[in-house]
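Below, chains carry the letters A, B, ... as their sequence lines are ordered, and counting in each starts from 1. Quantities reported herein were computed from a predicted structural model and do not represent experimental measurements. Worth knowing before you read on, the calculation uses all heavy atoms, side chains too, and leaves out hydrogens, waters and symmetry mates.
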Number of protein chains: 2
Amino acid sequence: MTSKPSGMVDHLNAEQWGKLSPLMMHHGHFAPGDIVSHRGDLLDHSLLLLDGLVARKVPRGQRARSTVVALQFPGEFVDLHAFPLKKLDHDVVSLTGTSVARIAHDDLHHLLNGDVELARKLWLMTLVDASIHRHWVMRNSAMRALARVANFLCEYDARMTAAYAGERDSLPFSLRQSDIADATGLTSVHVSRTLRDLREHGCCSVSGGQLAIHDRAGLHKMGMFDAAYLYMPQSGTAL
Amino acid sequence: MTSKPSGMVDHLNAEQWGKLSPLMMHHGHFAPGDIVSHRGDLLDHSLLLLDGLVARKVPRGQRARSTVVALQFPGEFVDLHAFPLKKLDHDVVSLTGTSVARIAHDDLHHLLNGDVELARKLWLMTLVDASIHRHWVMRNSAMRALARVANFLCEYDARMTAAYAGERDSLPFSLRQSDIADATGLTSVHVSRTLRDLREHGCCSVSGGQLAIHDRAGLHKMGMFDAAYLYMPQSGTAL
DNA sequence: CGTGCTTTTGACCGTGTTCAATGGATGTGG
DNA sequence: CCACATCCATTGAACACGGTCAAAAGCACG
């Protein structure tokens, strides 16, 4: 039996989770760098992330680094969109040691046939993903490096806080600077300089696998951060 | 009675369209620049675009231009995600004269309660939107200006071709260069230079409200275009 | 204590921005 | 019919942001 994680799945109420969790008997684990599923694979199941961090990557030729188009936190499905789409347009890659719960599309199919409300909730969760995608388009298109990285870290903070219920001034952070670079459309060299700037501004610092937030308000301001696009379950009527 | 447009709604079969279209009795029209719905509005209906072009825009302060995070073509719902989400994180703006068909969420609710397959199709259509969002993240993060604009025009070509069934070497194009700029994360000045480059390369040219494609293969190559992410209904097993 | 990976730093350079002026097209009122 | 306003596209010059290349410094792990 999978115990209910916090975060995105808080969109589900207890009853809905009670129906869904029995279908997720198989748990799996991945190591950093493992490719969970390949672009174009025919998928017959989806995965709920229980712990760790997963990226959706678009590969671009041999030479170039692939672009990170999305990041998934615990409590989120990493590839629920594979249920209607069947094939994905991107790779799914484990960035850290991760543990996941597996749900077969056949089981999900039968469950959702009998529960329209639950189906709508899962639909909604994929739409929150889409909202985050739109924010990433905006961030990587219209913000300069400093604001861009600051905003990225604000999002990390917010989603991590939701995943592990409880705001902290220091949170686990196992992304490398090259991962931040792939996600923000910068080079890792420039990410390094940008993080130094944020440090010198007294906003936050990354070291030893921890993100220390020294001035959350300042960081939010610097990243022009407004969490509305995350459609957090608890924050109700934010938008 | 709304006659079935081509494009995204081709994901629906005739029977499904037969169920959906009677709910879209009200048709509406918008002029260029009209705001169809505002960020944060509580929506009780969604709109299917029948003709024209609609953008989803994220406003960014008074001074700056707003970012175009998505573009909708005829045959696509412009705000179907408002059905589960209720409130949107962005504005919906008519870029041209547009005509739309309106469907009330209450009606949709009742219809989908009785047709799980149709619900899944509509879910799928929003997931294709999300796939396009991811592509935009990649394009605006990882491609240089020339490839970026070329890729954007390839997408325009492909979606326009799907919407009006039939490949042509010259298609209606009512976007201004500043719209392209807002969608690609460039300045309109640089879009102007980039379009000149594409013209001088013999790929395509924009003038008089028409996009003339002189060398489609060359344009695709220049924009590294692969339409798989569009999940076109007719193209079947592309991914 | 070396080997390999990540971060940091420096110098240089190029893509794209900014600012500003010009030109072209379209539309309006005198 | 022509002045005039408006909007959009185009061009030029200067510059800054971020990229590229390369080397060095930290750091973890065997």
Side-chain angles (χ1 to χ4, degrees), chain A residues 31-33 53 55 60-61 63-65 67-68 95-97 139-153 172-201 204-212 222-223, chain B residues 31-33 53 60-61 63-65 67-68 95-97 139-153 173-201 204-212 222-223:
Chain A
L53 237 43
R60 312 183 318 103
R63 193 147 301 279
R65 294 189 61 89
T67 304
V68 172
L95 294 181
T96 68
R139 182 166 64 210
N140 291 2
S141 302
M143 296 174 86
R144 333 252 54 212
L146 187 63
R148 203 187 290 186
V149 173
N151 189 282
F152 176 84
L153 294 176
F173 191 89
S174 44
L175 294 177
R176 290 162 306 166
Q177 296 189 357
S178 57
D179 294 322
I180 303 177
D182 294 343
T184 54
L186 300 168
T187 58
S188 60
V189 172
H190 204 67
V191 167
S192 176
R193 296 193 231 269
T194 306
L195 287 178
R196 171 170 48 70
D197 290 350
L198 286 173
R199 204 183 314 126
E200 290 172 355
H201 275 88
C204 64
S205 57
V206 178
S207 68
Q210 293 278 315
L211 168 63
M222 188 148 282
Chain B
L53 237 43
R60 313 183 315 105
R63 194 149 300 280
R65 295 189 61 90
T67 305
V68 172
L95 293 181
T96 67
R139 182 167 63 209
N140 292 1
S141 302
M143 295 175 87
R144 330 251 66 207
L146 187 63
R148 202 186 291 185
V149 172
N151 189 283
F152 176 83
L153 294 176
F173 190 88
S174 44
L175 294 176
R176 291 162 304 166
Q177 296 188 356
S178 58
D179 294 322
I180 303 177
D182 294 343
T184 54
L186 300 168
T187 57
S188 60
V189 173
H190 203 66
V191 168
S192 176
R193 297 193 229 268
T194 306
L195 287 178
R196 170 168 50 70
D197 291 350
L198 286 172
R199 203 183 315 125
E200 289 173 355
H201 276 88
C204 63
S205 57
V206 178
S207 69
Q210 293 277 315
L211 168 63
M222 187 148 283

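Position along DNA chain C of the nearest nucleotide to B:Arg148 versus A:Gln177 favours A:Gln177 as the more 5'-ward residue.
At whole-Å resolution of the value, CG in B:Leu186 and P in C:dT15 are 14 Å apart. The interatomic distance linking A:Asp182 (CG) with C:dT6 (C1') rounds to 14 Å, in whole Å. Atom CG of A:Leu175 and atom C1' of C:dT6 are 14 Å apart (whole Å). Between the P atom of C:dT7 and the CZ atom of A:Arg176 lies a distance of 7 Å, rounded to the nearest Å. For the pair A:Glu200 CD and C:dT9 C1', the interatomic distance rounds to 13 Å; values are reported in whole Å.
You'll find the side chain of A:Val149 reaches within 4.5 Å of the side chain of A:Leu195, heavy atoms only. Counting only heavy atoms from C-beta outward, the side chains of B:Phe152 and B:Val191 never approach each other to under 4.5 Å.
The phosphate of C:dT17 has OP1 or OP2 within less than 4.0 Å of a side-chain N or O from B:Thr187.
The two residues B:Ser192 and B:Gln177 make their nearest non-hydrogen contact at CB-OE1, 3.2 Å. Across all non-hydrogen atoms, the minimal contact from B:Thr96 to B:Ser174 is CG2-OG, 2.9 Å. Across B:Arg60 and B:Arg65, no two heavy atoms sit closer than the pair NE-O, 3.6 Å. The two atoms that bring A:Leu175 and A:Leu95 nearest to each other are CD2-CD1, 3.5 Å, heavy atoms only.
As judged by a 4.0 angstrom heavy-atom cut-off over every strand, A:Gly185 is placed among residues touching the sugar-phosphate backbone only.
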Start with the C-alpha gap between B:Leu198 and B:Val206, add the side-chain angles, then the distance that decides, and say whether side chain to side chain contact (heavy atoms under 4.5 Å, CB included) holds. CA-CA 10 Å; B:Leu198 286 172; B:Val206 178; over 6 Å; no
Tell me which donor-acceptor pairs under 3.5 Å the side chains of residues 183-190 of chain B have, and how far apart each pair is, sequence neighbours excluded?
| from | atom 1 | to | atom 2 | distance (Å) |
| --- | --- | --- | --- | --- |
| B:Thr184 | OG1 | B:Ile180 | O | 2.7 |
| B:Thr187 | OG1 | B:His190 | N | 3.3 |

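Near-neighbour residues of DNA chain C inside residues 188-199 of chain A, defined by a heavy atom below 4.0 Å, number-ordered: A:Val189, A:Ser192, A:Arg193, A:Arg196, A:Arg199.
Taken from CD in A:Gln210 to SG in A:Cys204, the straight-line distance is 13.0 Å, to the nearest 0.5 Å.
Taking the 5' to 3' direction, DNA chain D first and last meets chain A under 4.0 angstrom from a heavy atom at D:dC17 to D:dC21.
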